[in-house]
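Computation of the quantities below employed the complete heavy-atom set of this structure, encompassing side-chain atoms and omitting hydrogens, waters and symmetry-equivalent molecules. Every number for a ligand or one of its atoms is a count from 1 in the order of the listing.
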Amino acid sequence: MTDNASRTILLLNGPNLNLLGTREPEIYGHDTLEDVQELARTAAAELGFQLRALQSNHEGVLLDAIHEARGTAAGIIINPGAFTHTSVALADAISGVSLPAIEVHISNVHQREAFRHHSYISPVASSIIIGAGVNGYKLAVEQLVHLLQK
Ligand code: DQA
């Protein structure tokens, strides 16, 4: 891994998270995707890391980004959105690249519909942050850096 890669965090947001700020604000709050990415980028910078952020509504784009993280990032923070509850492929990609991954959900999925209670990602995530609102992204950066520095 290059020096640059070992100080880089990949932040992935899945489907519909581009709508943050206007999407069901009573559940997801008023911060936009840009706000969330900036929050995470600032938290990373404070810890000496850079952050590369990508949002996609397409599972394959997220898969490619996870594959490309190998050799270009030290770890992954991912809010897979609804793919959390459907995607074996994303889980396989995360375990396939052998990088630490933090799963983030803005809302407390366990207080919501039953179909949101199961995650394909949780078994392959190093840590999971659920229901902390957008502050969960900051916590995820801190936790990932903590794991990387162990
Ligand atoms: C979410 C929870 C998912 O169930 C939902 O499909 C999302 C967002 C969250 O951040 O709370 O898109 O991952």
Check: Ile102 and Ile78 side chains under 4.5 Å, non-hydrogen atoms: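 No, side chains not in contact.
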Heavy-atom closest pair, residues Leu17 and Arg23: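 Nearest pair, atom of Leu17 first, then Arg23: CD2-NH1, 3.8 Å.
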Shared-cluster residues of Ile128, by chain and number - hydrophobic side chains joined below 4.5 Å: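 Result for Ile128 is Val109, Ile130.
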Over 12 non-hydrogen atoms of neighbours within 6.0 angstrom of CD in Glu34: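 Count not over threshold, so no.
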Centroid-centroid under 6.0 Å between His117 and Phe115 rings: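 Centroid separation for His117 and Phe115: 6.0 Å or greater.
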Geometric class of the His105/His85 ring pair [parallel <30°, tilted 30-60°, perpendicular >60°]: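 Plane angle under 30°, so parallel.
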Filter the ligand 1-protein atom pairs down to N or O on both sides and distance under 3.5 Å, then list them.
| unit_1 | atom_1 | unit_2 | atom_2 | d |
| --- | --- | --- | --- | --- |
| ligand 1 | 4 (O) | His85 | NE2 | 2.7 |
| ligand 1 | 4 (O) | Arg116 | NH1 | 2.9 |
| ligand 1 | 6 (O) | Ala82 | N | 3.2 |
| ligand 1 | 6 (O) | Arg116 | NH1 | 3.1 |
| ligand 1 | 10 (O) | Asn79 | ND2 | 2.8 |
| ligand 1 | 10 (O) | Ile106 | N | 2.8 |
| ligand 1 | 11 (O) | Ile106 | N | 3.2 |
| ligand 1 | 11 (O) | Ser107 | N | 2.9 |
| ligand 1 | 11 (O) | Ser107 | OG | 2.6 |
| ligand 1 | 12 (O) | Arg23 | NH1 | 3.2 |
| ligand 1 | 12 (O) | Arg23 | NH2 | 3.1 |
| ligand 1 | 13 (O) | Asn79 | OD1 | 2.8 |
| ligand 1 | 13 (O) | His105 | ND1 | 2.8 |

